[in-house]
Amino acid sequence: MQDMERAKKRIEELREQINCHNYRYYVLDSPEISDAEYDELMNELMRLEEEHPELITPESPTQRVGAAPVEAFGVVEHREPLLSLANVFSHDELMAWHRRASNLVPGRAMDFVCELKLDGLAVALTYTDGRLTTGATRGDGYRGEDITQNLKTIKSIPLVVPKDAPSRFEVRGEVYLSKTGFKKLNEERAREGQPLFANPRNAAAGSVRQLDPRITASRPLDIYIYSLGWAEGKVPQTHWETLEYLKSLGFKISPYNEHAASLEEVEGYYQRWLVEREKLGFEADGAVVKVNSFDVQRQLGVVGRDPRWAVAYKFPAVQATTSLLDIGISVGRTGSLNPFAILEPVSVGGVTIKQAALHNEEDIHRKDIRIGDTVIVQRAGEVIPQVVGPVVSKRTGKEKVWHMPTRCPVCGSPAVKPEGEVIARCTNVSCPAQIFELLTHFVSRGAMDIDGIGEKLAAALLKEGLVKNVADLYRLREHEQELIDLERMGEKSAQNVLDAIHRSKDRPLSRVIFALGIRHVGQETAELLASHFGSIDRLAQASPEELLEVLTIGPKIAQSIHAFFRQEANLKLIEKLRRAGVRLEAAVREELPLSGQEFVVTGRLEAFTRSQAEERVKELGGAVGSSVTKKTTFLVVGEDPGSKLDKARALGTGLLGEEEFLAILEQAANK
Ligand code: IVH
């Protein structure tokens, strides 16, 4: 016992020290000890917690990483909605915003807080009795996703706050990736043949919405807290003081925030950052101007989802002009023919651009973009630049109007544009370009996560005919020698690839659904489908109406999913995956001691009520049935058992007396 007390005390000391060093390092950016010294403290804490697992608490600094992956995120209802911001793009528009607001609060002087508008994603963090209890995405503003485990991996988010903080409160902020973090992440993805993130915002959003917190932990995410959502207890009455207050509670507050006494000062702030923003370590797409007094904020209120008391004063996108040499076409995973601009190389905001996105034929004609035109290209935080439109005054008369070809540029099959759609598609389901795209999508990290198959190997596998569709991956072992003989392969790499393929058979159902490359079904939708239907077969049989019952699925997605499972080729593919042993059902949530066992209780128990007993079983991962069936593992027999006992005897179900039942619970709890 004494040893236990001593360990407890030391653990508490270590946690406090580590939290303090974390704060200095990640929030203040001014560490006091070396990395090695920090590691030593952390190692000691981990060792002690390993020896005394009963002393581990969720807010221990060791618990930031390591939570088990989930099949889908839970839903969090926001107590107060997370609002968005109206935009202004010029000084005149800013003045108009100010005039409208001033008219609503006559005679009241206004001062402001200026902040940079970070390009990441909004999250809400709830603290209860000093501990971080929930972290959620903004979602639709009213309901977001529970991403607590992922947010805990961000070291600048405190897991505990000082004792004098309100007993319950919520802070809001922007999770973002620094420019260097983003660049490194994309370089790594390029090396692994993973699709690149278009911009730091997408990368941050994608990282935070990972089902496996370990992936989130590996991404260099950071956060700036920009407001107090709500609080139970006494809090300051202006936004500026609130930011100071939140800083004193240990939250990371942007050092670029400034108080502005007048609109002129606001304009000064904007102009300064318009010039200086390139030097920032993160992407900022504007300034956020907020009325300082909460009292005035309340009087101004909200229109729709935008508060009248705040506005985003956006920076203009970075633009340049160059000539459009030609229009190329890439074939997407679903056969879409995607036009892109081939440009005379030009530098836009310090980056040389040779290609840019052109969305579809209609868009090209609407903007009247012609081959040979001088065009304006822009990068607005995005990595993939866009063609804004032609500079018509520079036309010579030699420009050519472009039309979408009627055949797929890769396989030559007819391309069609269905009625009412804007995108033309190659009609050949075995078009090599489509298969290549599907294959690289299938193996990608968010999908089946098959390490070692990048674009080069995917292309080689298709070229050599070792793989004709994604299911063939699972028969690659039969062609081991041919795999080894591929350029730059060799025995070891081949073995690694085969092992990775083998491991992917056990991916969660949501990944498999996502990997199939169904149009409009992204990771998020795939997760919803997996938890709603529980198996590919049930999903495949779902009618459009049943699909519409799934939260956030609209008619377009429902139609696309329904159509996918009506295609013979797709059903055949799924059969092949099934035969290969790919898991097509949702797994039991988590491996708990009683996972997979079903208990049924009959008669009265001494030690607890029926519902308490059921509760205990469920806590330990077991299921509780109301009648004895073939699936029942044990019938727990109390005083005065009913007919369930006869049924259990007839089926040969395991029988447990109350004492044996208690022993099983105790044993399971100790595991
Ligand atoms: S305040 C007034 N402050 O911009 C309520 N938002 O378009 C709006 N954002 O969803 C939030 N930096 O994700 C606020 N300093 C900042 C911000 C900021 C970025 C984002 C935020 C929000 C979106 C609104």
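Quick caveat, the model's predicted, so the values are computed rather than measured. As the structure lists them, so they are numbered: ligands from 1, and atoms in each ligand from 1. Side-chain atoms are counted along with the backbone in the values below, which use heavy atoms only and exclude waters and symmetry mates.
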Do you know the tightest heavy-atom contact between Arg511 and Arg445?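 Minimum heavy-atom separation between Arg511 and Arg445: NH1-O, 2.7 Å.
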What's the shortest heavy-atom distance between Arg333 and Ile518, and which atoms?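 Heavy atoms only, the tightest pair is NH2-O, 4.2 Å.
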Just to be sure I read this right, does ligand 1 sit under 4.0 Å from the backbone of Trp309, its side chain, both, or neither, counting only heavy atoms?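 Answer for Trp309: side chain.
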Under 30°, 30 to 60°, or over 60°: which ring-plane class applies to Tyr224 and Tyr176, parallel, tilted or perpendicular?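 Rings of Tyr224 and Tyr176: parallel, as their planes differ by under 30°.
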Parallel, tilted or perpendicular: which one describes the rings of Trp240 and His259, with boundaries at 30° and 60°?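 Aromatic pair Trp240/His259 classed perpendicular.
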Within the 3.5 Å criterion, strictly below it, is a donor on Asp146 or Thr148 matched to an acceptor on the partner's side chain?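 Present: a donor and an acceptor within the cut-off.
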Check the side chains of His239 and Glu115 for a donor-acceptor pair under 3.5 angstrom, ignoring hydrogens and angles.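 Per modelled atom types, Glu115 and His239 side chains form a pair under 3.5 Å.
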[atom]: nearest protein contact (heavy atom, Å):
atom                    : result
atom 12 (N) of ligand 1 : Leu118 N, 3.2 Å
atom 1 (S) of ligand 1  : Lys290 NZ, 3.4 Å
atom 13 (O) of ligand 1 : Glu174 OE1, 2.4 Å
atom 5 (C) of ligand 1  : Leu83 O, 3.9 Å
atom 15 (N) of ligand 1 : Glu115 OE1, 2.7 Å
atom 7 (O) of ligand 1  : Leu85 N, 3.3 Å

[X] heavy atoms, cut-off 4.0 Å: which ligand 1 atoms fall inside?
X      : result
Leu116 : 12 (N), 15 (N)
Pro307 : 2 (C)
Ala122 : 10 (O), 13 (O)
Val288 : 15 (N), 16 (C), 17 (C)

Selection from Tyr176, Tyr224, Tyr226 by shortest heavy-atom distance to atom 6 (N) of ligand 1: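 Result: the heavy atom closest to atom 6 (N) of ligand 1 is in Tyr226.
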So for atom NZ, which belongs to Lys314, do other residues, nucleotides or ligands contribute more than 12 heavy atoms lying within a distance under 6.0 Å?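 Atom NZ in Lys314 is crowded, with more than 12 foreign heavy atoms closer than 6.0 Å.
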Count the heavy atoms of every other residue, nucleotide or ligand shown that sit under 6.0 Å from NZ of Lys179, and state whether that count exceeds 12.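 Buried by this count: over 12 neighbours within 6.0 Å.
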Asn257 near ligand 1, heavy-atom distance under 4.0 Å?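 The answer is no, since Asn257 has no heavy atom less than 4.0 Å from ligand 1.
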Checking ring pair (Phe, Tyr, Trp, His ring centres under 6.0 Å) for the pair Trp273/Tyr256: CA distance, chi angles, key distance, verdict? CA-CA 10 Å; Trp273 285 112; Tyr256 308 104; 5.2 Å; yes
